[in-house]
Amino acid sequence: MRHIQRFSLFLLVLPGLVLAEQSGADHRRLAASPGISAGQSQQLSRDPDWRVRRALASNRHTPPPLLELLAHDNNVHVRIAVATNLSSRESTLLLLAQDQSTAVRSVVARFEYVPVSALGLLARDANADIRLEVARNLNASRQILRRLLHDSQPEVASAAAAAWQRQASDADRN
């Protein structure tokens with residue numbers, strides 16, 4: 001019985017030891033694996049290699065609370081991976097819609113599954129290129145497009161007008 005208890009304890013400790021001894025490529029493979037455990041995900045979210053954290057942020061099996069944590073990562077590639085992960089919650093995408101990086105906000109603005117609430121924030125972005133991406137996003141609501149119709153940048157207003165017209169045509173067909 002004593003041998004079984006020691007062996008069980010060894011098995012509980014073993015995953016952490018194995019993870020510590022793996023290479024960066026092994027960590028990236030594990031981070032991308034659909035079979036990754038919650039403990040392994042938690043450990044890899046602190047990996048010094050941003051490519052490991054990006055792989056974890058891209059993994060649809062990464063728990064949403066961990067994705068929200070990764071949305072605060074110091075590496076832009078990790079935050080972009082979170083922005084395009086279908087498991088990211090609306091609150092996480094709202095956070096990323098206000099990111100300091102134009103690249104992150106641009107990805108959120110172009111994301112096919114972005115919630116309208118995030119597009120509403122991005123429609124007020126100081127960067128005209130971000131507002132243009134919002135106007136081109138098929139998920140932009142009539143309310144958002146109405147706001148962008150009066151944008152100070154002619155290209156944004158034009159894209160919003162085209163989207164407005166497309167929505168009106170779609171409504172007529174249905």
Side-chain angles (χ1 to χ4, degrees), residues 28 31-34 36 38 41-42 44-174:
R28 287 192 298 278
S33 169
I36 190 170
S41 293
Q42 195 69 252
L44 290 176
S45 72
R46 295 183 299 274
D47 196 283
D49 185 346
W50 67 268
R51 296 169 301 180
V52 171
R53 298 189 314 275
R54 179 184 62 189
L56 185 63
S58 297
N59 188 335
R60 290 194 56 199
H61 299 279
T62 299
L66 196 51
L67 289 171
E68 185 139 359
L69 177 73
L70 290 167
H72 295 280
D73 197 274
N74 63 352
N75 187 281
V76 69
H77 301 290
V78 174
R79 297 193 313 270
I80 287 172
V82 172
T84 59
N85 188 319
L86 295 176
S87 295
S88 289
R89 294 178 179 158
E90 181 176 3
S91 60
T92 302
L93 291 169
L94 286 169
L95 175 71
L96 292 170
Q98 300 171 72
D99 196 272
Q100 66 195 20
S101 167
T102 303
V104 172
R105 295 192 319 274
S106 177
V107 168
V108 174
R110 287 182 278 129
F111 187 47
E112 182 179 359
Y113 301 103
V114 66
V116 172
S117 57
L119 288 175
L121 282 175
L122 292 164
R124 293 175 175 79
D125 199 279
N127 187 308
D129 292 332
I130 302 293
R131 297 191 311 274
L132 179 61
E133 294 293 348
V134 171
R136 291 177 175 163
N137 190 305
L138 297 176
N139 294 324
S141 67
R142 298 286 277 181
Q143 182 180 2
I144 291 170
L145 293 175
R146 186 178 302 117
R147 174 184 178 77
L148 294 176
L149 284 169
H150 306 291
D151 196 271
S152 61
Q153 294 296 315
E155 190 176 7
V156 174
S158 177
W164 183 275
Q165 191 64 27
R166 184 183 60 249
Q167 284 186 1
S169 296
D170 290 347
D172 289 343
R173 277 186 282 233
N174 294 332

Next on the checklist: Can you tell me which residue among L69, N85, V82 is in a side chain to side chain contact (heavy atoms under 4.5 Å, CB included) with T92?
Outcome noted: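 So, applying the side chain to side chain contact (heavy atoms under 4.5 Å, CB included) to T92 and each of L69, N85, V82, only V82 qualifies.
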
Let me confirm one number: the [atom1]-[atom2] distance from [X] to [Y], rounded to the nearest 0.5 Å.
X    : Y    : atom1 : atom2 : value
I144 : R124 : CD1   : CZ    : 8.0 Å
L122 : R110 : CG    : CZ    : 11.5 Å
F111 : S88  : CZ    : OG    : 7.5 Å
L119 : I130 : CG    : CD1   : 11.5 Å
L121 : L96  : CG    : CG    : 11.5 Å
R79  : L70  : CZ    : CG    : 11.0 Å

Minimum heavy-atom distance [X]-[Y], with the two atoms named:
X    : Y    : result
N127 : T102 : ND2-CG2, 3.5 Å
A118 : V108 : CB-CG1, 4.4 Å
L56  : S41  : CD2-O, 3.3 Å
A140 : V134 : CB-O, 3.5 Å
R147 : A123 : NE-O, 3.8 Å
A135 : L145 : O-CD2, 4.0 Å

I'd like to know if the side chain of [X] reaches the main chain of [Y], judged simply by a donor and an acceptor atom lying under 3.5 Å from each other, with no hydrogens or angles considered.
X    : Y    : answer
N137 : E112 : no
R105 : D99  : yes
R53  : V78  : no
S158 : P154 : no
T62  : A57  : no
S58  : R54  : yes
E133 : D129 : no

Heavy-atom side-chain contact between [X] and [Y] under 4.5 Å:
X    : Y    : answer
I36  : L44  : yes
H61  : S87  : no
Q42  : S45  : yes
Q143 : V116 : no
S33  : R28  : no

Item to check | Contact list for residues 76-98, test ring-ring contact (aromatic ring centres under 6.0 Å, His included), sequence neighbours left out | outcome: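 Qualifying pairs: W50-H77.
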
Checklist entry - Within 45° of the ring axis of W164 and under 6.0 Å from its six-membered ring centre, is that where the NZ or CZ of R142 lies? => result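 Yes, R142 and W164 form such a contact.
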
Checklist entry - With a 4.0 Å cut-off, would you call R136 and E155 a salt bridge? => result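 Here R136 pairs with E155 in a salt bridge, since their nearest N and O are under 4.0 Å apart.
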
Checklist entry - Could you go step by step and tell me if Q167 and S141 meet the side chain to side chain contact (heavy atoms under 4.5 Å, CB included) rule? => result CA-CA 9 Å; Q167 284 186 1; S141 67; over 6 Å; no

